[in-house]
Amino acid sequence: MKTVRLSVPAGEVNLPLCVRTGQVFRWYEIQGLWAGMANDALLIVNPEGNRWSLSAVGGEPIPLFTHLFRMEVDLKSVQVQLIRRDSRWEQWVRALPGLRLMRWTSATECLFSFLCTPANNLPRITGMIERLCERYGTPIAEWGGRQWHAFPTVERLAQAEEADLRALGFGYRARTLIEVARALQAREPNWLESLAELPYWDAKQALMTLPGVGAKVADCVLLFGLNHNLAVPVDTHMWQAMQKWVLPELRGKSLTERTYRQIVDWFHERFGEWTGWAHQYLFTAHLLESQRKGE
DNA sequence: CGTCGACCTGGATG
DNA sequence: GCATCCAGGTCGA
């Protein structure tokens, strides 16, 4: 395993903040390093100083890192844009230095991972996905005292037994995972990836034809897995944050198809192409606040 | 259209 | 201990 170095200017990436706030699920701190699986590649990062060391198994470390953390995007200029468009974002930009919008290397992995998230919590989601990979994924590497597995293929998931997945703790999500795997097999080979080329609303509508994929999961897959920066996943955190901090007129209302769309439209009007990033700062701010005080 | 309950599970709360 | 609630929702009635 070759180790390479990459210049990372101070403040450009806060790795723990990026990988432990529910944008991705397969990262761990091990012996002072950070190791994460991206589909079938293992990336190991030592985020020290301004020349980080990177190694990878199953991929090239620098392209992998650059892709996952969208290093082509200059974070400072994003932050300037967000604050210019809505000064309330300054407090969240300040509170979350180095927070970046992540980009998965596999839309399929992203879809199946976010299918595990409804009515769930981060620790349990992480465990579920880890067990899924151990059970159905190909071993990729042994490192840091553990075995690392690729994310299971659609073919493998389509053959899984519901009882098997339930035994792994998936609950009612077991059936959805299998149904979605079979639905994907029934479509064109690159159907999911092709949604990246469609306009946002069309891609979202198409995704929501899959079982278990509602507006929120669809937006997660669009934003993190299909490069649709107009997507706004409105979950309980976003809903509460919007009511408390951004759109007081939402107070007393409930999250419906209408209010969901109202929020998405508001982001588009206010932030345009920076919508996804704006969402990420607001979401993470609320997530961390709720973790701090248990709310 | 908006509301309601069911759906798995495990940790937190009382 | 035991009931209840809730966590990055979705679906059908």
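Residue numbers start from 1 in every chain, and the chains themselves are labelled A, B, ... in the order their sequence lines are given, proteins ahead of strands.
Within 4.0 Å (heavy atoms only), E162(A) reaches no atom of the nucleic acid at all. Across all strands shown, V234(A) has no heavy atoms under 4.0 Å from either base or sugar-phosphate atoms. The residue S254(A) sits close only to the backbone: its heavy atoms come under 4.0 Å of sugar-phosphate atoms, none of a base. At a threshold of 4.0 angstrom between heavy atoms, the contacts of T21(A) include nucleobase atoms, whether or not backbone atoms are also involved. Counting any heavy atom pair closer than 4.0 Å across all strands shown, A174(A) reaches no nucleic acid atom. When heavy atoms are screened at a 4.0 angstrom cut-off, R258(A) is found touching the sugar-phosphate backbone but no base atom. Using a 4.0 Å heavy-atom distance criterion, I125(A) is classed as making no nucleic acid contact.
Between dC8(B) and dC2(C), the two P atoms lie 24 Å apart (nearest whole Å). For dC5(C) and dG5(B), the P atoms lie 11 Å apart once the distance is rounded to whole Å. dT4(C) and dA6(B) are spaced 13 Å apart, taking the P atom of each and rounding to whole Å.
When the P atom of dC6(C) is taken as reference, atom CH2 of W239(A) falls 17 Å away, rounded to whole Å. For F114(A) and dA7(C), the CZ to C1' distance is 15 Å, given to the nearest whole Å. Note: CG (L122(A)) to P (dG11(B)) measures 15 Å, nearest angstrom. Note: CD (E257(A)) to C1' (dT3(B)) measures 14 Å, nearest angstrom. Atoms NE2 (H237(A)) and C1' (dA7(C)) sit 8 Å apart, rounded to a whole Å. Rounded to whole Å, atom P of dA12(B) lies 15 Å from atom CG of N120(A). If you measure from atom CD of Q262(A) to atom C1' of dG2(B), you get 14 Å, rounded to the nearest angstrom. In this entry the distance linking CE of M238(A) with P of dG9(C) reads 13 Å, nearest Å.
The pair E142(A)-R146(A) does not count as a salt bridge, with every side-chain nitrogen at least 4.0 angstrom from each carboxylate oxygen. Residues R88(A) and D86(A) are paired through a salt bridge, judged by an N-O separation under 4.0 Å between the basic side chain and the carboxylate.
Projected onto DNA chain C by closest heavy-atom contact, L210(A) and Q23(A) fall at different nucleotides, the more 5' of which corresponds to Q23(A). Where V213(A) and F283(A) meet DNA chain C, the nucleotide closest to each residue was compared, and F283(A) sits on the side nearer the 5' end.
For R124(A) against dC8(B), a side-chain-to-base donor-acceptor contact under 3.5 Å is present. Judged by distance alone with a 3.5 Å cut-off, no donor-acceptor contact links the side chain of Y260(A) to the base of dG9(C).
Here the side chain of T256(A) is nearest to one of dT3(B), dC7(B), dA7(C), namely dT3(B). In this structure, the nucleotide among dC8(B), dT10(C), dA7(C) sitting nearest to the side chain of N121(A) is dA7(C). Of the candidates dG10(B), dT10(C), dC8(B), the closest approach to any side-chain atom of A119(A) belongs to dC8(B).
Using a 30° and 60° split on the angle between ring planes, W148(A) and Y28(A) fall in the perpendicular class, above 60°.
When Watson-Crick and G-U wobble pairs are counted only if both distances are under 3.5 Å, dC6(C) pairs with dG10(B).
For R173(A), no side-chain nitrogen or oxygen approaches OP1 or OP2 of dC7(B) to under 4.0 Å.
The backbone N or O of M102(A) lies less than 3.5 Å from a partner atom in the side chain of Q23(A), making a donor-acceptor pair.
The distance between the ring centers of F271(A) and W89(A) falls below 6.0 angstrom.
Side-chain contact of H286(A) with K244(A): a donor-acceptor pair under 3.5 Å is present, judged by distance alone.
Relative to the six-membered ring of W201(A), R261(A) meets both conditions, a distance below 6.0 Å and an angle of at most 45° to the axis.
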